[in-house]
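Have a look at the structure below, then the notes.
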2 protein chains.
Amino acid sequence: MTTDRLSTIFAALADPTRRAILARLAEGDATVNELAEPFSISLPAISRHLKVLEHAGLITRSRTAQWRSSSLRAEPLREATAWMDRYRRFWDESFTRLDAHLQRIQSEEKKQ
Amino acid sequence: MTTDRLSTIFAALADPTRRAILARLAEGDATVNELAEPFSISLPAISRHLKVLEHAGLITRSRTAQWRSSSLRAEPLREATAWMDRYRRFWDESFTRLDAHLQRIQSEEKKQ
DNA sequence: TCGCTGTTTAACACCTTCGTTAATTAACGT
DNA sequence: ACGTTAATTAACGAAGGTGTTAAACAGCGA
């Protein structure tokens with residue numbers, strides 16, 4: 001149930017191991033072994049996580065010799081953020097103030 | 001596997017039906033029946049989606065008489081956005097410019 | 001070619017998620 | 001009390017995610 005892009009992105013982010021991998025990649029490209037090192041899970045498991053991230057567009061992969069290097073591609077996060085921004089006024093103070101300001105203007109316009 | 005807050009939030013957002021429900025709630029509170037109306041899935045299914053959203057803190061629920069009204073509580077989206085913001089420099093142009101600016105300042109400080 | 005290192009694929013188990021229908025609970029109105 | 005409306009819980013099945021170990025594949029280097 002679901003193959004839309006946003007769902008894929010959010011699903012990819014819904015795993016702490018994958019988020020940690022992204023965090024690691026933010027510091028620079030890394031091989032599968034390097035990425036696996038901090039975790040107590042097997043290499044095949046990491047390999048699958050990388051496949052999920054790649055499928056979501058959150059990483060790209062290149063190979064040199066027998067090493068496969070992953071690099072961060074955070075553009076999908078922009079999409080995700082863009083979606084969430086629709087709800088910003090429900091939490092963001094400055095947005096609330098802006099909203100109040102606009103309402104004030106509106107009600108003043110009505111008076112005239 | 002996983003009960004950390006951020007995972008719960010992202011997992012909740014990884015479903016298009018749930019995102020649509022949030023979109024609907026952005027226009028105002030609604031009962032379960034009202035929320036179910038646009039979808040071709042059963043009421044129990046909607047009821048569970050609401051439970052997922054509630055568990056993620058994305059909605060709160062109140063009851064009056066036999067109706068249970070849901071209302072949006074987007075604060076968790078702020079948390080999610082906050083997490084993603086760490087990667088903003090990987091996609092946002094203005095961030096790149098800011099980054100370049102900061103690096104310029106830093107390297108100039110080193111010269112002195 | 002052989003062996004080593006790095007990584008993926010295969011096969012399996014387990015648990016969770018998502019949907020269904022049927023039954024139950026809750027509160028209202030008569 | 002009874003029937004109706006609103007919503008949830010129960011019980012079940014299909015599908016998918018995550019992890020494991022063992023086997024396979026890929027590329028290097030002697």
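Predicted, not measured: the structure shown is a model, and the values here were computed from it. Lettering of chains follows the sequences in order, A, B, ..., and the numbering in each one begins at 1.
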query: Checking all strands, does B:I41 fall into the base, sugar-phosphate, or nothing category for heavy-atom contacts under 4.0 angstrom?
result: sugar-phosphate
query: Of the nucleotides C:dG6, D:dT20, D:dA7, which has the atom closest to the B:L43 side chain?
result: D:dA7
field: Rounded interatomic separation in angstrom, taking CG from B:D15 and C1' from C:dG19
entry: 11 Å
field: Interatomic spacing from CH2 in A:W67 to CG in A:N33 - rounded to 0.5 Å
entry: 10.5 Å
task: With side-chain contact (heavy atoms from CB on, under 4.5 Å) as the test, would you mind laying out the steps for B:L22 and B:L13 before giving the verdict?
output: CA-CA 9 Å; B:L22 293 179; B:L13 296 174; 3.7 Å; yes
task: Could you tell me the separation between the CH2 atom of B:W67 and the C1' atom of C:dG29, rounded to a whole number of Å?
output: 10 Å
Residue B:H49, side-chain atoms from C-beta onward, closest of C:dG19, C:dT9, C:dT7: C:dG19
- prompt: D:dT18 P sits how many Å from A:L13 CG, rounded?
  reply: 12 Å
message: I'd like to know if B:R48 reaches the base of C:dG19 with its side chain, counting only an N/O donor and acceptor under 3.5 Å.
response: yes
message: Within the 4.0 Å heavy-atom criterion, would you say B:R63 contacts the bases, only the backbone, or no part of the nucleic acid?
response: sugar-phosphate
Pair A:T60, A:S71: side-chain N/O donor-acceptor within cut-off below 3.5 Å: yes
- request: Measure from the side-chain heavy atoms of B:P44 and tell me the nearest of C:dA27, D:dT8, D:dA26.
  value: D:dT8
task: Taking atom types as modelled, find out whether A:T81 and B:T81 have a side-chain donor-acceptor pair closer than 3.5 angstrom.
output: no
- request: Select one nucleotide: of D:dG27, D:dG19, D:dA7, the one nearest the side-chain heavy atoms of A:A45.
  value: D:dG19
message: From the set D:dA26, C:dG19, D:dA7, return the single nucleotide nearest to any side-chain atom of A:R68.
response: D:dA26
